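Remember, predicted model here, so these are calculated numbers, not experimental data. Atoms within each ligand, like the ligands themselves, are counted from 1 in listed order.
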Amino acid sequence: MLKAAIGCISLLLIISLPSIECRFMDGINSVNGGTNCATCTILLGIVDHLAIVYNESAAQALEHLCSFLPDDYKIYCKTAVDFLGPIIIDGFIKGDNPDVICHGLTLCSDDPGQAKCRIYPSKSTAADAENALKLRERHPDLSLHLSKIKICQIPGIAEICKILNNAFNNHIPAVDLDNDKFGTEPTLRGSSWRGKDCNDFSSQVYPGAQSVDGDSVIDHNCNGIYGLDSTTGQPWETEFCNDTQRLGIAVLGDSISAHFHLPEQWLDAKQLSTAVFQHLTFILENELDWPQLSASTGHLNVSWPNIQGQTRSLYARLFDLDHCNHRDYQNIAVNGARSGSMTDIMKALARHPKNDVPLLVIYSLVGNDVCNGHPDTIDHMTTVAEMTQNVLTTLQYLDTVLPKGSHVLTTGLANGSFLYALLHDRIHPFGRVGPPVSYPQIYDYLSCLQISPCNGWMTSNGTLRDLTTQRAVELSAAIKNVSFTYQPAQYDIDYLDFPFDEVIQEWIAQGGEPWQLIESVDGFHINQYGHALVSDVLWSWLQKNRPQWIPPMNPHNADIERVFKDQGGYD
Ligand SMILES: *[C@@H]1O[C@H](CO)[C@@H](O)[C@H](O)[C@H]1NC(C)=O
Ligand SMILES: *[C@@H]1O[C@H](CO)[C@@H](O)[C@H](O)[C@H]1NC(C)=O
Ligand SMILES: *[C@@H]1O[C@H](CO)[C@@H](O)[C@H](O)[C@H]1NC(C)=O
Ligand SMILES: *[C@@H]1O[C@H](CO)[C@@H](O)[C@H](O)[C@H]1NC(C)=O
Ligand SMILES: *[C@@H]1O[C@H](CO)[C@@H](O)[C@H](O)[C@H]1NC(C)=O
Ligand SMILES: *[C@@H]1O[C@H](CO)[C@@H](O)[C@H](O)[C@H]1NC(C)=O
C-alpha cells in the first residue's frame, strides 16, 4: 500500500516536474491547464523524441518509456497508456505535435482572456485548435477515460497520499519512534537530512547531544565513539573527544540549500535508460532534493548515474577537523521556503540549549522572497519591512534553542539575473532531440501557464529581471541590517552576500564555464559542481573572517579511525 501511494505521488511529482518549486500538492493558481498541461506536453515530447532516436512508432515509444521505470511504476505507466494511448497514437499518426494532442486530451486549454501557451512553434493556432477538436471528436469516450486517471483520488490511496503529504510538510522524519526529530531511515526527512539516530527508542540519544559519563556504555551523541579503553580503564570518548571543541552544522534554507536536482537524463530521450530511474523512489521520497550531497550538510559521494561531481561540504570539513562531530548535521531546508515560511519551518530544527553541543547555523534564503509564479509577480514579493520582521523572528527563536557558543551566518539573496545572462542562448535538455528548445522558450512557457518558479528572473523581460534583482538587493540589505543590529545572547552572528560571483570566478579559474554550474533542467538551481564550490567559498570566508568559529584539529582523529573505523557510517 505504501508503495502504491509512493507510485501515486511519484506520478504527481513526475507530472509536476517543472513546477516542483511550488509547494507539494498545494493548489496552484495556474491557467490554461497549468501543471497538467506542462506535464502532458513534456511527456509527449519525450515520446516523440524516443520515436526519433529509436526510429520507432509512437505506440512503441510509449511502451518504451514505461519500460525504463522501476517495476512498481511500470504498472501506473501502463495503466495510463492503456487509457490514453489510442488518442495519443492517433494524434501522432495524424502529425499533431504534443501541444495539439494535449489540447485534444483537454489537459491543456486556452482560457478566455489568457495568452495561448505553446512549446512547439505553431504555423496556425486556428488550425491547431481545429486539429485538437477533431482528435477529441474521433474519441468521444475521452472524458470518461480522463475521469479515471486521477490515481490519488482513489479511496485508501488518497489517505496514504495525505499521510505522506503531512510528512513532507512537517519537515521532520516520517519514521521517528522516540520523537527526538532524528530517524533511522535515509529518506522522508531521515538520515539524508539529519544525522542518523543510533537509538530510535530513546529520546536522550541523538546526534549533537553532549556525551554522558564519557559515553562509556551508551553512545549518547551517535558519533560512533563509546565504550571503555581496556588498557587505561578510561572511556574512549573522554580520551578522544574531551579536549576538542565540538561543533555541529545546520542550515535553514530553501531548495538551493536542500540541493534540488531533477536529473536531466529523465528528460533527454538519448539518455533515458532503466539505470537513470533505478533510485526513483529514493529520489522522490527526498522531495527531489539531495541534502546528502549539499554544500552545507553533504556527507556522501554517490556514483549514481543521476549525478555528476563530488561532494564537498561544511559538514565534511567539520568532520575532517574533528571526527567527534560525526553525524552532527541538520538540513532544515524546504523547496519554496521564504523568510515568512521559515518562521514556521525553523521549529523543525532539533537543538537543546543545555544538553547539546554548539551549532553553526547557516540562514540562507536566496530567492523565494522575490520568486513566484504570479503574473503581477512584484506585488507578491516580500517587502523590506516583512523581511526585517521575519529575520528578526528567526534570530530570536534561535536564541531560545541554540547552546551557548553557537554561531549564526546569514546570507543575502542571490542575484538571479545571472541565470538569464548565462542560459538565454543555450538549448534546454528537452530540446536536444527534435526541434531545439531554448531556455527563454521554457521560461516563457512556464510563465504563460503561471507555474513558473520565478517569473521575475526566469523571463526574457529585462526590465522585470532588473526590478527583481533590485528588490533582492534591498531584501539582502534588510537581512544584513537585522543580523548586525540584533544582539543575540547565546551565539554570535555574521552576514555575507550570497557568494555566487566568487563561485563563478573560482570555477572559471579551474577552467570551467559559468553555465556549467546551473541545473540543466530547471535552469534555476546550482548543481553538484556549484554546491562543492559554494562550500569552498564559504569555508574560505570563515577562515578569513571568522577564524575563531573554526574548531582546532583533533589530534586523536587517527586513533578514532583505528578503533572505530567509519564510526558506523551514515545510513
Ligand atoms: C526506420 O524504420 C523504417 C521502418 O521500420 C525503415 O524503413 C527505415 O529504413 C528506418 N530508418 C533508419 C534510419 O533506420
Ligand atoms: C575532561 O574534561 C573535563 C571538563 O573539562 C575535566 O573535568 C576532566 O578532568 C577531563 N577528563 C579527562 C580524562 O581529561
Ligand atoms: C568525495 O570524494 C572526494 C574525492 O575522493 C573527496 O575529496 C571528498 O572528501 C569526498 N566527500 C565526502 C563527503 O566523502
Ligand atoms: C546581477 O547580475 C547581472 C547579470 O550578470 C548584472 O548585470 C548586474 O549588475 C548584477 N546586479 C547586482 C546588483 O549585482
Ligand atoms: C516587462 O516588465 C515590466 C515590469 O513588470 C512591465 O512594465 C513591462 O510591460 C514588461 N514588458 C513586456 C514587453 O512585457
Ligand atoms: C536597520 O535596522 C534598524 C533597527 O531595526 C532600523 O531602525 C534602521 O532603519 C535599519 N536601517 C536600514 C538601512 O534598513
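Counting only distance, with no hydrogens or angles, the side chain of W266 and the backbone of V276 share a donor-acceptor pair below 3.5 Å.
Of all protein heavy atoms, the one lying nearest to atom 9 (O) of ligand 1 is N55 ND2, 4.7 Å. Among all non-hydrogen protein atoms, the one lying nearest atom 5 (O) of ligand 3 is Q310 NE2, 4.3 Å. In this structure, the protein non-hydrogen atom closest to atom 2 (O) of ligand 3 is N301 ND2, 2.3 Å.
Here's the thing with T311: one of its N/O atoms is less than 3.5 angstrom from an N/O atom of ligand 3.
Atom 14 (O) of ligand 3 is flagged as protein-proximal [any protein heavy atom, distance under 4.0 Å]. There is a protein heavy atom less than 4.0 angstrom from atom 11 (N) of ligand 1. Proximity of atom 7 (O) of ligand 1 to the protein is not indicated, since no non-hydrogen protein atom lies closer than 4.0 angstrom.
Between I504 and F418 there is a side-chain heavy-atom pair separated by less than 4.5 Å.
Here is the list of ligand 4 atoms found below 4.0 Å of a heavy atom in F418: 5 (O).
Around atom 1 (C) of ligand 4, the closest heavy atom drawn from T469, D466, V473, N415 belongs to N415.
Side-chain contact annotation: N390 with S339, donor-acceptor N/O pair under 3.5 Å present. Looking at T311 and H299, their side chains never bring a donor and an acceptor atom within 3.5 Å of each other.
Only the backbone of H299 comes within contact range of ligand 3, with a heavy atom under 4.0 Å; no side-chain atom does.
Residue Q60 qualifies as enclosed at atom CD: its count of foreign heavy atoms under 6.0 Å is above 12.
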Assess whether side-chain hydrogen bond (donor to acceptor under 3.5 Å, both in side chains) is satisfied between N335 and S255, documenting all intermediate values. CA-CA 4 Å; N335 296 341; S255 53; 4.5 Å; no
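The aromatic rings of Y570 and Y315 lie perpendicular to each other, with more than 60° between the two planes, well past the 30° mark.
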